[in-house]
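Report on the following structure.
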Amino acid sequence: MELRERVVLVTGAARRVGRAIAERLATAGCHVAVHYHRSADAALEVVAACRAQGVLAEAFEADLATVSGPEDLVGTVLARFQRLDVLVNNASSFEKMTLDEFRWDAWERTMRVNLTAPMALAFAARAALRAAQGRIVNLCDVATQRPWPDYLAYIVSKGGLDTLTQVLARSFAPEVNVVGVAPGVAEWPEHYDEALRARLLRRVPLGRAGSPADIAAAVHFLLADGDYITGAILPVDGGRHIR
């Protein structure tokens with residue numbers, strides 16, 4: 001796919017991996033719709049960084065856990081840009097939850113943000129993506145191969161996203177490629193202490209953490225050079241999935 005002048009919607013683009021993806025694609029010449037929920041100031045910083053690359057960029061607020069949030073977001077992006085070529089489902093809820101800590105409301109919100117919203121966004125954008133012969137990239141997680149019992153809802157939702165990626169690839173074919181990127185350690189959660197970080201890195205064959213830039217580079221590759229790739233989930237984890 002030629003990326004220049006393409007319109008890309010990146011959910012959860014105000015911080016961390018989402019920001020890196022938005023800014024990387026702006027550098028490639030994409031116009032960027034920067035979605036955020038609560039991080040308005042950070043989203044505006046991303047917009048400014050994207051615009052500095054000579055492309056169009058706007059911030060769009062939406063709560064993806066609501067029934068109307070995904071559809072309204074796609075509608076406002078289409079109203080602003082008149083097209084949508086790429087959907088990057090990056091927004092994610094990451095809450096600790098063991099079996100004994102199960103709460104219906106927390107489970108439901110995690111499922112809505114991490115699994116239902118990507119489905120609803122793909123549905124709302126389906127006509128535009130087909131017309132553009134576009135792309136969907138879902139941010140998955142390599143941890144689904146060895147599930148964490150301390151993040152029960154998160155892991156289950158990301159496992160569902162793996163399956164959704166494959167189902168949507170078949171549903172959208174041949175017009176739209178649907179792929180996933182599965183990070184390992186891309187950026188440490190703030191509450192991870194040094195001992196936990198060291199323990200996790202011992203499981204990584206390359207012996208180091210990745211970065212948001214590594215994930216953004218993988219997304220860029222799949223969009224720019226992945227014309228014959230669909231239904232695949234690319235691990236970007238330093239080899240962690242083979243341990």
Assigning hydrophobic clusters by single linkage (Ile, Leu, Val, Met, Phe, Trp, Tyr; side-chain heavy-atom cutoff under 4.5 Å), is L115 placed with W148?
no
Verdict with reasoning, R4 to E2, per side chain to side chain contact (heavy atoms under 4.5 Å, CB included)
CA-CA 6 Å; R4 295 196 65 81; E2 170 56 50; 3.2 Å; yes
Do W104 and V156 share a hydrophobic cluster, counting only Ile, Leu, Val, Met, Phe, Trp and Tyr and linking them when any side-chain heavy atoms are less than 4.5 Å apart?
yes
Side-chain contact, heavy-atom cut-off 4.5 Å: M119 with L168?
yes
Could you tell me if the side chain of T165 sits less than 4.5 Å from the side chain of C140, heavy atoms only?
yes
Heavy-atom nearest pair, I233 first then A182, reads CG2-CB, 3.8 Å
State the CG-OG1 distance between D72 and T66, to the nearest 0.5 angstrom.
7.0 Å
Whether R112 side chain and V67 backbone form a donor-acceptor pair below 3.5 Å
no
Roughly how far, to the nearest 0.5 Å, is SG of C30 from CZ of R24?
11.0 Å
With distance as the sole test, does R6 use its side chain to make a donor-acceptor pair with the main-chain N or O of A132 at under 3.5 Å?
yes
Shortest non-hydrogen contact from P183 toward I215:
CB-CD1, 3.6 Å
Determine, for D141 against K158, whether the closest basic-nitrogen to carboxylate-oxygen distance falls under 4.0 angstrom.
no
With a sphere of 6.0 Å drawn around CG of D41, does it hold more than 12 non-hydrogen atoms of other residues, nucleotides or ligands?
no
Determine whether L234 and V179 make a side-chain contact, defined as any pair of heavy atoms from C-beta on separated by less than 4.5 Å.
no
Verdict with reasoning, V77 to F60, per side chain to side chain contact (heavy atoms under 4.5 Å, CB included)
CA-CA 8 Å; V77 170; F60 298 85; 4.1 Å; yes
Between I229 and V176, is there a shared hydrophobic cluster once you connect ILVMFWY residues whose side-chain heavy atoms come closer than 4.5 Å?
no
Kindly confirm or rule out a cation-pi arrangement of R126 over F123, judged by NZ or CZ under 6.0 Å from the six-membered ring centre and within 45° of its axis?
yes
Crowded around E71 CD? As in, over 12 foreign heavy atoms under 6.0 Å?
no
Does the side chain of L161 reach to within under 4.5 Å of the side chain of N89, using non-hydrogen atoms?
no
Restricting to non-hydrogen atoms, name the atom on V55 and the atom on C50 that form the minimum distance, rounded to 0.1 Å.
CG2-O, 3.3 Å
For the residue pair G18 and N90, what are the closest heavy atoms and their distance?
CA-ND2, 3.3 Å
Quick check: do L64 and L73 have side-chain heavy atoms less than 4.5 Å from each other?
yes
Is Q133 reaching over with its side chain to a backbone N or O of R130, donor-acceptor style, under 3.5 angstrom?
no
Starting from V8, can I reach V219 by hopping between I/L/V/M/F/W/Y residues whose side chains sit under 4.5 Å apart?
yes
Please report the interatomic distance CG(L121) to CG(L129), rounded to the nearest 0.5 Å.
10.0 Å
If I take atom CD from residue E101 and atom OH from residue Y151, how far apart are they, to the nearest 0.5 angstrom?
9.5 Å
Side-chain touch L3/H220, heavy atoms, less than 4.5 angstrom
yes
Measuring from atom CZ of R109 to atom CD of E95, what distance do you get when rounded to the nearest 0.5 angstrom?
8.0 Å
Can you list every ring pair (Phe, Tyr, Trp, His ring centres under 6.0 Å) pair that touches residues 25-53, not counting sequence neighbours?
none
Parallel, tilted or perpendicular: rings of Y154 and F94 (30°, 60°):
perpendicular
Walk me through whether L56 and E58 qualify under side chain to side chain contact (heavy atoms under 4.5 Å, CB included).
CA-CA 7 Å; L56 302 176; E58 298 286 348; over 6 Å; no
Closest non-hydrogen atom pair between N138 and I136, with its separation
OD1-CG2, 3.7 Å
Between L9 and V88, is there a side-chain heavy-atom distance shorter than 4.5 Å?
no
Between D227 and R135, does any NZ, NE, NH1 or NH2 come within less than 4.0 Å of an OD or OE carboxylate oxygen?
yes
Taking only Lys NZ, Arg NE, NH1 and NH2, and the carboxylate oxygens of Asp or Glu, determine whether E45 and R15 approach each other closer than 4.0 Å.
no
Of all heavy-atom pairs linking S93 and V113, the shortest is N-CG1, 3.9 Å
How long is the span from the CG atom in D85 to the CE atom in M1, to the nearest 0.5 Å?
6.0 Å
Validation row: P118, L164 side chains within 4.5 angstrom (heavy atoms):
yes
Tell me whether I21 shares a hydrophobic cluster with L87, the cluster being built from Ile, Leu, Val, Met, Phe, Trp, Tyr side chains joined at under 4.5 Å.
no
Can D162 and T144 be counted as having a side-chain donor-acceptor contact under 3.5 angstrom?
yes
Salt bridge present between E108 and R103 (N-O < 4.0 angstrom)
no
Could you tell me whether the side chains of S157 and N114 share a donor-acceptor contact shorter than 3.5 Å?
yes
